[in-house]
There are 2 protein chains.
Amino acid sequence: MARDRKFSTEDLYHATKQILLEQGYDGFHFGLLAEKLDISRGAIYKYFDNREELIVNFMRHEMKLFLTELKNVEQFPSFDEKLTFLLELIFKNPAVPRLIEIGQRIPIHENLKMKEDVFKLEDLRLKMYQHLQEFIDLGREEQKLNPSVPDTLILGFIFQSIMIPNHFDIPQSKWVQSIKEILCHGILNHQ
Amino acid sequence: MARDRKFSTEDLYHATKQILLEQGYDGFHFGLLAEKLDISRGAIYKYFDNREELIVNFMRHEMKLFLTELKNVEQFPSFDEKLTFLLELIFKNPAVPRLIEIGQRIPIHENLKMKEDVFKLEDLRLKMYQHLQEFIDLGREEQKLNPSVPDTLILGFIFQSIMIPNHFDIPQSKWVQSIKEILCHGILNHQ
DNA sequence: ACCCAAAGTGACACAAGTGTCACTTTGGGT
DNA sequence: ACCCAAAGTGACACTTGTGTCACTTTGGGT
């Protein structure tokens, strides 16, 4: 009962992700997005009121995907297995921590719909945090984690580590393996 | 033989630093800078051709200060002492890694003067790297560092670690001490 | 074949930042 | 006292992005 859509919301999210990762938050404009999808700027406004709206909803979409994968952490019984799974998950989704960081910078429009969306995003962030907290709790229980160090810093290290720039182009497998090594045992030699 | 200056280059750099740390690279405008110093935008153009010019020179200024402090790393004979000094230096200058990251995003104007300035900045970055490399080399020699892990990743971890956001406001001293602990020995319990 | 609602377009008025330049202000040298 | 060069100002033309809206296009239902 209407003409076919020229682009899907999925298309918008895909291009949005590319632009955000290439150009950062401030480099993202509807003009760029429209150009990338070969559509007019005006068409995007049929689906999103402004770029903050779009980005927040894109973030939700991205978080949901990550969360469904993260949920599988429950399936692994031991802390060691959970840790391995978690690190692999993060290295498979290196964009997620960067996107979360970018997400922090969205200015909150004083707008009802916007506030709801930001709230839903915050809710997802909390859900994500809960899964991670369970993982940490088990590590504490099994006495696998350094007891003198706060939970948030452990998670901070894990998430921050994949954002270290690999300027010298060390091969991915070596890089990942080395990050695991330092995360677990530090930079010092342990015989 | 002229009227007194209303603001010094130092004033510009100080306000620039504030704005860059608060608003990020894209949030930095001559309008904001002028407002902060209660001067006109036009006056700034008497000293810098554009914001890239100003930011690159500000970065050079900031790097020089950091480098003069970093040079003192030579004075400590052992690797352990150098490491302690280095960590303290970085925690005393938490803005430096953030500024370096911001500095990476400066678009290069196709302009001779600009290219020179960027070259000088790159030169400082290299000098900094050399001091850090000497520190790593000593650590290797003394067999204090994990041999299976590349140099750049060790430096990456050190610099990245202070950018972990302390969302839960853990007291500074506890936070720093915990970062040192994880950097040196990892997140796992080592009895 | 025609209707019409949803999809998409592009021109418009607006906002915010840029770089320039003719102008005013100021204070030391003569 | 006056000169004048350096310091500072603010208006101007320009650029880039925003959000809106009257308009055109399209395709299924009758």
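Residue numbers begin at 1 in each chain, while the letters A, B, ... track the order of the sequences.
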Distance, rounded to the nearest Å, where [X] contributes [atom1] and [N] contributes [atom2]:
X	N	atom1	atom2	answer
His109(B)	dT18(C)	NE2	P	11 Å
Glu35(B)	dG17(C)	CD	P	10 Å
Arg5(A)	dA5(C)	CZ	C1'	15 Å
Arg51(B)	dT20(C)	CZ	C1'	19 Å
Phe30(B)	dG17(C)	CZ	P	13 Å
Lys46(B)	dT20(C)	NZ	P	12 Å
Ile39(B)	dT25(C)	CD1	P	19 Å
Phe7(B)	dA6(D)	CZ	C1'	12 Å

(message) I'd like to know if Arg41(A) reaches the base of dG19(D) with its side chain such that a donor and an acceptor end up less than 3.5 angstrom apart.
(response)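 Looking at the base of dG19(D), it does pair with a donor or acceptor on the side chain of Arg41(A) (distance under 3.5 Å).
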(message) Going by purine N1 to pyrimidine N3 plus the second Watson-Crick contact, or the G-U wobble pair, all under 3.5 Å, which nucleotide sits opposite dA5(D)?
(response)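 Across all strands, the one nucleotide that pairs with dA5(D) is dT26(C).
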(request) Using both distances under 3.5 Å as the test, list the Watson-Crick or G-U wobble partner of dA13(C), or none. (result)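 Matched dA13(C) with dT18(D) under the 3.5 Å cut-off.
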(request) Could you tell me whether Glu116(A) and Lys113(A) have a side-chain N and a carboxylate O separated by less than 4.0 Å? (result)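 Answer for the salt bridge query: no.
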(request) Taking the six-membered ring for Trp and the full ring for Phe, Tyr or His, determine whether the centres of Phe48(B) and Phe30(B) are under 6.0 Å apart. (result) no
(message) Does Phe48(B) reach a base, just sugar-phosphate, or nothing at all? Heavy atoms under 4.0 Å.
(response) nothing
In terms of side-chain heavy atoms of [X], which of [options] is nearest?
X	options	result
Tyr47(B)	dT9(C), dA7(D), dT26(D)	dA7(D)
Tyr45(A)	dA6(C), dT18(D), dT9(D)	dT18(D)
Arg3(A)	dG19(C), dT25(D), dT9(D)	dT25(D)

(message) For Glu22(B), run the salt bridge (charged side-chain N to carboxylate O under 4.0 Å, His left out) check against Arg98(B), Lys17(B), Lys36(B) and tell me which one passes.
(response)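 Between Glu22(B) and the candidates, salt bridge (charged side-chain N to carboxylate O under 4.0 Å, His left out) is satisfied uniquely by Lys36(B).
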(message) Which is more 5' along DNA chain C, the nucleotide nearest Asp4(B) or the one nearest Asp49(B)? Just name the residue.
(response) Asp49(B)
(request) Name the orientation class of the two ring planes belonging to Phe66(B) and Phe159(B) (parallel below 30°, tilted from 30 to 60°, perpendicular beyond 60°). (result) perpendicular
(message) Parallel, tilted or perpendicular, judged at 30° and 60°: which one describes the rings of Phe58(B) and Tyr13(B)?
(response) tilted
(request) State whether His29(A) places a side-chain N or O below 4.0 Å from either non-bridging phosphate oxygen (OP1 or OP2) of dT16(D). (result) no
